[in-house]
Amino acid sequence: MKIISGNSNLPLARKISSYFGLEVSHTNISRFADGEINVELTPEIKGEDCIIIQPTSKSVNASMNDNIMELYFIIDAVRRIPAKSITVVIPYFGYARQDRRVFPQSPISSKVICKQIEELGVDNVIVLDLHCEQTLGFFDIPAENVYALPILVSDMKVVFPDITNTVIVAPDMGASKKARVASEILGCSYAVVDKKRPRPGESQVMNVIGNIEGKDCILLDDMIDSAGTLCNAANALVERGAKSVRAYATHGLFSGQAFKRINDSAFTEVVVTDSINLFEGSLGSKKIRYISCSEVLGDAIRSFFNVEKA
């Protein structure tokens with residue numbers, strides 16, 4: 001088995017490789033003067049089961065679309081060597097929120113990405129906490145959605161050894177199922193923030209369903225983008241008597257003014273996984289802490305190939 005990484009999140013790829021006692025295979029990915037992506041792989045992957053690790057998100061040095069194109073070119077290069085099999089691990093799946101037509105003239109962008117990956121000759125796909133799990137239905141090849149909730153809950157247990165005064169809070173109705181599951185695992189209560197959106201990109205808290213007064217609140221979501229919704233929810237919880245507010249999410253996109261909003265918010269701490277490589281940017285807020293998703297992704301790879309953990 002060989003592990004190959006694009007430039008999107010090489011630190012995470014190294015952690016996953018370490019899980020198996022391997023090193024990331026040498027890959028030379030560069031840009032021509034006009035911005036075109038150039039991919040060169042080592043011939044040692046010929047005839048091997050190849051694992052390509054590439055979040056299709058923005059990263060420290062590239063845009064989301066650049067990282068998607070980089071993934072396509074790596075897949076094609078691996079297929080042409082040729083490899084025995086190709087498994088693509090996408091810790092963050094870009095365009096996952098565009099899984100339906102909002103208007104009759106709109107594309108279903110996430111389906112376009114899925115079909116392109118499939119047409120390039122990929123055998124298996126592993127993703128982490130898809131925004132909408134039904135996106136897996138766009139693949140006609142084996143595809144698995146891995147959940148980060150176990151590692152998030154494990155961290156919560158360390159931060160809150162006495163969970164009796166803690167409440168898991170869903171920042172909106174869409175996250176209520178995840179909040180309820182987390183609360184059942186921890187043995188604590190949960191609440192839901194009722195909000196409305198006056199316009200795209202903005203939210204307004206209308207009510208909080210559940211008892212949060214005097215409680216340590218944990219807002220739980222799958223991703224943090226511009227952080228506007230989450231920070232509004234945190235401030236609303238404090239105004240309604242919460243003792244403290246933390247946030248846990250799988251993916252930290254931190255777009256636009258996210259760092260400033262988090263710094264200025266009522267949050268004690270914001271915890272996300274390392275599914276997206278924005279560590280240099282994370283210096284924008286001391287309230288943000290990262291935990292690794294490498295073990296849950298390593299477990300998923302192991303289940304596909306029946307290999308042992310190092």
Fill in the blank from the handout: Here the side-chain hydrogen bond (donor to acceptor under 3.5 Å, both in side chains) pairs for residues 117-126, sequence neighbours left out, are T87-N124
Problem - side-chain hydrogen bond (donor to acceptor under 3.5 Å, both in side chains) contacts in which one or both residues fall within residues 141-154, not counting sequence neighbours - result: E133-Y147
Exercise for the section: Can you spot which of V238, D216, I218 makes a side chain to side chain contact (heavy atoms under 4.5 Å, CB included) with V245? Expected result: V238
A side-chain contact here means heavy atoms from C-beta on lying under 4.5 Å apart; do [X] and [Y] qualify?
| X | Y | answer |
| --- | --- | --- |
| I168 | M156 | yes |
| L219 | Y248 | no |
| L186 | F160 | no |
| D274 | C293 | yes |
| I209 | M173 | yes |
| I301 | M1 | yes |
| N7 | L10 | no |
| I37 | R31 | yes |

Practice task
Search all heavy atoms of S292 against all heavy atoms of I151 and return the closest pair with its distance.
Solution key: O-CD1, 3.4 Å
Handout entry: Heavy-atom closest pair, residues A143 and L136
Key = CB-CD2, 3.8 Å
Problem - Enclosure of K243 NZ (heavy-atom neighbours >12, cutoff 6.0 Å) - result: no
Problem - Atom CD of E23 with >12 non-hydrogen neighbours under 6.0 angstrom - result: no
Handout entry: Path from L149 to Y190 over hydrophobic side-chain contacts below 4.5 Å
Key = yes
Problem - Same apolar cluster: F20 and V24, side chain cutoff 4.5 Å - result: no
Exercise for the section: For the pair S8 (side chain) and P55 (backbone), establish whether a donor and an acceptor sit closer than 3.5 Å, ignoring hydrogens and angles. Expected result: yes
Problem - Heavy-atom donor-acceptor pair, T27 side chain to S25 backbone, under 3.5 Å - result: yes
Exercise for the section: Using salt bridge (Lys or Arg N to Asp or Glu O under 4.0 Å) as the criterion, list what pairs up with R180, not counting sequence neighbours. Expected result: none
Practice task
State, without any angle test, whether S85 and D49 hold a side-chain donor-acceptor pair at a distance under 3.5 Å.
Solution key: yes
Practice task
Verify whether one side chain among T229 and D172 offers a donor that lies under 3.5 Å from an acceptor in the other.
Solution key: no
Practice task
Please collect all ring-ring contact (aromatic ring centres under 6.0 Å, His included) contacts where either partner lies in residues 46-101, sequence neighbours excluded, each pair once.
Solution key: Y92-H251
Problem - Contact list for residues 91-107, test salt bridge (Lys or Arg N to Asp or Glu O under 4.0 Å), sequence neighbours left out - result: R97-D225
Exercise for the section: For residues 154-171, pull every pair meeting salt bridge (Lys or Arg N to Asp or Glu O under 4.0 Å), keeping only residues two or more places apart or in separate chains. Expected result: D155-R289
Problem - NZ/NE/NH1/NH2 to OD/OE distance under 4.0 Å, K115 and D140 - result: yes
